[in-house]
Asker: 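The structure's right below; bear with me while I get my questions together.
Both ligands and their constituent atoms are indexed starting at 1 by order of listing.
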Amino acid sequence: MAADEPLVLGIETSCDETGVGIVHGTTLLADAVASSVDTHARFGGVVPEIASRAHLEAMVPTIERALRTAGISPKDLDGIAVTAGPGLAGALLVGVSAAKAYAYALGKPLYGVNHLASHICVDQLEHGRLPEPTMALLVSGGHSSLLLSSDITSDVRPMGATIDDAAGEAFDKIARVLDLGFPGGPVIDRLAREGDPAAIAFPRGLSGAKDPAYDFSFSGLKTAVARWIEAKRAAGEEVPVRDVAASFQEAVVDVLTRKAVRACKDEGVDHLMIGGGVAANSRLRALAQERCERAGIRLRVPRPGLCTDNGAMVAALGAEMVARNRTPSDLELSADSSLPVTDPHVPGAHGHSHDHDHVHEVSKENLYS
Ligand code: KG4
Ligand code: ZN
């Protein structure tokens, strides 16, 4: 690690994880996360007001824990980065306010960054600098997108996105139908290992010849799986939970990997990165590896702990902003719950404008509906 690499603290509060990471260039020094997921579990989804209150309580202790783990003093920092959006408005506000307070009190530059670009940039902490260009498949409870980036601090181009549910949302909803608890991804992943992925032919959304090549749809699949389960129950038959989990999971990861590899081939990009909570899925990782190898594409997937929401990813992007001399945000920076994916970096109220008609991500608030 070079001595002149930037030392950056990153704060993430877009959903239910209060994350604080400290990064030196592309080296991870601390990754402290306090999650309120258990509090939301009994509601079957994230409750925004509860998330905001939990962030408020966890913020300062999590920052202090990260500083202790990294063994640094705040005065050594070269910048403070924070997720400015997209995400839950009230939750984002807690992180943005904390980041501004620390930046102001310490006299350090502030970088408001995009949550989605951070999910991509985090891979630098594990596999070194991102190749340019990189295709990224971002799949989580709030987003499912294919993004092409030639410079993660300034250029993120949406290739496609979900037109309805996010991939993780589909996992969570099917888990709820099967009474498996929340969040659904990890438990479906585990049960699917003992099931037959070919047992039930569930639909592959938007996979027809005339369908958009890079967009996703999981709502039809979700309905098909729920109906199949209901029919079994109505007939008084036992639901083969492992086979349902495996067949549902296969339908999701088949479409995700096929479209991601196709986008790489069409654009002549030979690196695919997969990030977001669903990237922790073991079948998604295995099938992506298999299909990328066949297509001559190098696959980069961070370890599961870096795929789910965390502060290290924000610090990683902040460090890249400093390294590339991007203009810091001003202290007027505000949280933007529907920040477009095309804005990796938010300069603040002055000198910033963007068009809200851009493709933007489905909020995790949908989980609660
Ligand atoms: O990135 P993340 O922590 O939060 C955001 O949504 O931003 O992702 C959480 C989502 C949840 O929907 C969860 O069910 C899903 O990621 N997930 C998984 C797995 N682990 C987490 N989905 C499938 N397989 C997994 N192993
Ligand atoms: Zn996320």
Side-chain angles (χ1 to χ4, degrees), residues 10 12-19 21 31 33-37 40-41 44-46 48 51 83-88 91-92 95 113-123 136-145 147 162 165-178 180-193 195 197 218 221-222 245-246 248-253 256-257 274-288 301-314 316-317 337 339 341 361-368:
E12 154 62 37
T13 62
S14 70
C15 193
D16 56 344
E17 263 94 30
T18 312
D31 183 18
V33 180
S35 175
S36 60
V37 69
H40 304 290
V46 175
T83 303
L88 302 173
L92 288 166
V113 304
N114 191 302
H115 181 78
L116 304 174
S118 303
H119 266 303
I120 301 174
C121 197
V122 74
D123 193 49
L137 171 66
L138 278 195
V139 274
S140 77
H143 20 90
S144 298
S145 306
L147 306 168
T162 181
D165 295 344
E169 215 178 337
F171 272 91
D172 295 332
K173 285 184 176 166
I174 294 307
R176 200 186 314 172
V177 176
L178 290 170
L180 299 172
F182 173 83
V187 55
I188 290 189
D189 190 349
R190 201 170 59 243
L191 290 169
R193 281 177 214 161
F218 298 108
L221 169 64
K222 188 185 70 192
F248 157 73
Q249 177 176 274
E250 197 65 17
V252 175
V253 307
L256 289 176
T257 53
I274 309 187
V278 182
N281 185 270
S282 58
R283 179 61 186 146
L284 174 60
R285 296 169 90 100
L287 189 59
V301 194
R303 64 175 176 270
L306 292 179
C307 288
T308 48
D309 290 351
N310 62 78
M313 66 190 212
V314 180
L317 183 52
S337 61
L339 183 67
V341 67
E361 299 299 316
V362 178
S363 159
K364 207 170 177 179
E365 259 167 303
N366 293 352
L367 265 181
Y368 191 48

Asker: Is it the side chain (CB and beyond), the backbone, both or neither of Asn281 that lies under 4.0 Å from ligand 1, heavy atoms counted?
Answerer: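 The answer is both.
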Asker: Just jot down the ligand 1 atoms closer than 4.0 angstrom to any heavy atom of Thr308, in number order.
Answerer: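 Those of ligand 1 that fall under 4.0 Å from Thr308 are 1 (O), 3 (O).
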Asker: At the Zn ion (ligand 2), what is the angle formed between atom OD1 of Asp309 and atom NE2 of His115, rounded to the nearest 10°?
Answerer: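 Value, to the nearest 10 degrees: 100°.
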Asker: Would you say Cys15 touches ligand 1, if touching means a heavy atom closer than 4.0 Å?
Answerer: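 Checking ligand 1 against Cys15, which is what was asked, there is no heavy-atom contact under 4.0 Å.
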Asker: Taking atom types as modelled and ignoring hydrogens, do the side chains of Ser282 and Asp189 form a donor-acceptor contact shorter than 3.5 angstrom?
Answerer: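 Judged by distance alone, the side chains do pair up.
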Asker: CG of Asp309 to NE2 of His119: how many Å apart, nearest 0.5 Å?
Answerer: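 Taking CG in Asp309 and NE2 in His119, the distance rounds to 4.0 Å.
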Asker: If we ignore angles and hydrogens, is there a donor and acceptor under 3.5 Å between the side chains of His143 and Ser140?
Answerer: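 Yes - a donor-acceptor pair under 3.5 Å links their side chains.
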Asker: Would you mind listing which atoms of ligand 1 come within a distance below 4.0 Å of any non-hydrogen atom of Gly141?
Answerer: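 Going through ligand 1 atom by atom, the ones under 4.0 Å from Gly141 are 5 (C), 6 (O), 8 (O), 9 (C), 10 (C), 12 (O).
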Asker: Is the closest side-chain donor-acceptor distance between Glu17 and Asn310 under 3.5 Å?
Answerer: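 No, Asn310 and Glu17 have no side-chain donor paired with an acceptor closer than 3.5 Å.
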Asker: For ligand 1, which part of Asp172 has a heavy atom less than 4.0 Å away: the side chain, the backbone, both, or neither?
Answerer: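 Just the side chain.
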Asker: I'd like to know: is the Zn ion (ligand 2) within the 2.8 Å range of an N/O/S atom from His119, strictly under that distance?
Answerer: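 A backbone or side-chain N, O or S atom of His119 is under 2.8 Å from the Zn ion (ligand 2).
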Asker: Which of the atoms of ligand 1 are close to His119, meaning less than 4.0 Å from one of its heavy atoms?
Answerer: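 Selected atoms, number and element: 1 (O).
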Asker: Is it the case that ligand 1 has an N or O less than 3.5 angstrom from some N or O of Gly168?
Answerer: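 Yes: some nitrogen or oxygen of Gly168 is under 3.5 Å from one in ligand 1.
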Asker: I want to confirm something. Looking only at heavy atoms, which of Gly276, Gly185, Ala279 is nearest to atom 23 (C) of ligand 1?
Answerer: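 Checking each option, the heavy atom nearest atom 23 (C) of ligand 1 is found in Gly185.
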Asker: Below 4.0 Å, non-hydrogen atoms only: which portion of Gln249 touches ligand 1? Side chain, backbone, both or neither.
Answerer: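 Answer for Gln249: neither.
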Asker: I'd like to check which ligand 1 atoms, numbered from 1 as shown, lie under 4.0 Å from a non-hydrogen atom of Gly184.
Answerer: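 Listed by number with element, the hits are 14 (O).
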